[in-house]
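Naming: A, B, ... by sequence-line order, numbering from 1 per chain. Every heavy atom of this structure was used, including side-chain atoms; hydrogens, water molecules and symmetry mates were not.
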Amino acid sequence: MHKLDESLLANLPPFRKLARSQIREVLDAAQSIRFDAGAAVFSEGMPVDRFYLLLDGHIRVVRTTAGGDQIIVLHIAPGQLFGIGAALGRTTYPATAMTADDCIVLAWPNHLWASFTARHDGFATETYKVVGERVGEMNTRLVELATQQVEQRIACAILRLVTQMGRKVEGGIEIGVPITRQNLSDMTGTTLHTVSRLLSGWERDGIVASERRKITVTAPHRLVELSGVGP
DNA sequence: GCATTAAGGCCCC
DNA sequence: GGGGCCTTAATGC
């Protein structure tokens with residue numbers, strides 16, 4: 001296995017304050033793993049044995065209900081830590097991490113967590129920040145689920161994806177991760193049929209343009225209006 | 001306003 | 001050709 005380059009981590013928030021030698025040390029302790037799209041990096045209920053950093057690709061954190069329905073809890077963008085049960089005092093993973101496309105991750109054995117937070121300046125505070133942001137997002141979504149109608153919830157979900165992994169293309173902002181109607185319904189507590197019907201309408205109105213597994217927002221301001229943030 | 005059911009079309013492995 | 005993805009329409013709560 002070839003040595004990983006230090007520039008991979010140097011600009012990522014958890015490692016930004018580290019010296020070159022420290023980054024080398026962190027990288028040498030990591031295992032780099034490639035996953036095809038649709039693979040589980042770890043599964044709900046498994047013992048927490050490692051923590052991860054997503055280098056490339058996108059991760060869906062999902063929970064499966066007793067009835068077999070899948071709930072998409074959140075998405076992980078490149079450069080983010082995930083599977084950090086160690087930071088939360090968990091012994092098992094609370095959800096499954098599914099790759100949304102081809103992914104490259106770094107994995108460290110769990111016992112290194114304590115020394116990472118103790119020895120590497122900025123690592124712990126960045127971790128708390130990430131956890132805080134995710135809790136905040138989940139709070140927002142909880143309120144949406146409880147108070148908003150389906151159309152607004154889907155608009156909010158798409159806007160979040162745009163914020164987190166949108167990339168500018170000519171004519172709009174494309175969501176940088178493959179998203180199906182079913183995926184959107186799994187994020188918003190509705191059915192793929194309702195999502196399909198609404199997206200078709202939005203496409204007719206020129207708000208979005210979509211192909212299979214791909215959504216481009218062509219009129220973000222109008223989607224914001226639909227999301228119900230304002231009057 | 002929304003889920004459910006049904007029925008069909010398209011694309012890609 | 002079969003499975004995954006998407007659409008549309010009808011019906012009912």
Side-chain angles (χ1 to χ4, degrees), chain A residues 33-44 54 56-78 95-104 137-167 169-231:
Chain A
I33 314 173
R34 213 201 84 94
F35 290 91
D36 289 333
V41 178
F42 54 79
S43 296
E44 183 176 345
L54 181 61
D56 194 33
H58 302 271
I59 301 274
R60 275 191 256 278
V61 178
V62 306
R63 289 196 66 149
T64 306
T65 68
D69 289 326
Q70 180 176 280
I71 309 294
I72 297 179
V73 180
L74 47 82
H75 283 87
I76 309 286
T96 299
M98 294 278 302
T99 56
D101 44 18
D102 293 351
C103 288
I104 300 171
E137 177 180 331
M138 288 190 271
N139 281 339
T140 302
R141 293 186 50 200
L142 183 62
V143 172
E144 282 171 20
L145 275 170
T147 63
Q148 300 207 298
Q149 313 230 94
V150 166
E151 183 175 44
Q152 302 173 320
R153 303 208 299 269
I154 297 171
C156 288
I158 292 176
L159 286 171
R160 257 191 300 277
L161 290 171
V162 163
T163 303
Q164 292 169 2
M165 34 220 172
R167 45 171 187 250
V169 294
E170 88 270 30
I173 307 169
E174 177 186 318
I175 292 172
V177 58
I179 291 286
T180 66
R181 310 300 195 253
Q182 177 74 58
N183 290 150
L184 268 174
S185 69
D186 289 341
M187 292 178 230
T188 52
T190 181
T191 64
L192 81 146
H193 306 91
T194 298
V195 173
S196 178
R197 190 171 43 77
L198 282 166
L199 280 184
S200 297
W202 292 349
E203 182 137 25
R204 273 191 291 273
D205 294 341
I207 300 172
V208 302
S210 91
E211 301 164 30
R212 109 187 304 243
R213 286 145 67 81
K214 189 174 109 182
I215 298 172
T216 304
V217 180
T218 48
H221 58 286
R222 299 195 50 197
L223 204 54
V224 171
E225 287 167 20
L226 288 171
S227 74
V229 292

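- Side-chain contact between A:Pro78 and A:His58 is present, with heavy atoms from C-beta onward closer than 4.5 Å.
- Looking at every heavy atom in both residues, A:Ile72 comes nearest to A:Arg141 through O-NH2, 3.2 Å.
- Heavy atoms only, all atoms of each residue included: A:Leu74 and A:Met138 are closest at CD2-CE, 4.2 Å.
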Between A:Arg197 and A:Thr194, does the side-chain contact (heavy atoms from CB on, under 4.5 Å) criterion hold? Intermediate values first, please. CA-CA 5 Å; A:Arg197 190 171 43 77; A:Thr194 298; 3.8 Å; yes
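- Judged purely by distance below 3.5 Å, without hydrogens or angles, the side chains of A:Arg181 and A:Ser210 pair a donor atom with an acceptor atom.
- Using a 4.0 Å cut-off on heavy atoms, the residues of residues 193-219 of chain A that approach DNA chain B are A:His193, A:Thr194, listed by number.
- Of all the heavy atoms in A:Ala100 and A:Val177, the pair that sits closest is CB-CG2, 3.5 Å.
- Here A:Ile175 contributes atom CD1 and A:Thr163 contributes atom OG1; the two are 9.5 Å apart, rounded to the nearest 0.5 Å.
- Within residues 142-160 of chain A, the residues that have a heavy atom under 4.0 Å from DNA chain B are, in order of number, A:Gln149, A:Val150.
- Residue-level contact check: A:Thr191 touches the bases, meaning some heavy atom is under 4.0 Å from a base atom.
- Going from atom CD1 of A:Ile71 over to atom OG1 of A:Thr96 covers 12.5 Å, rounded to the nearest 0.5 Å.
- The outermost nucleotides of DNA chain C lying under 4.0 Å from heavy atoms of chain A, listed 5' to 3', are C:dG4 to C:dT8.
- Note that SG of A:Cys156 and CG of A:Leu226 are 10.0 Å apart. Values are rounded to the nearest 0.5 Å.
- One distance of note links CD1 of A:Ile207 with OG1 of A:Thr216; it measures 14.0 Å at 0.5 Å rounding.
- When the side-chain nitrogen and oxygen atoms of A:Thr190 are compared with OP1 and OP2 of B:dA3, one or more of them lie within a distance under 4.0 Å.
- Here the P atom of nucleotide B:dA3 and the CG atom of A:Leu184 are 13 Å apart, to the nearest Å.
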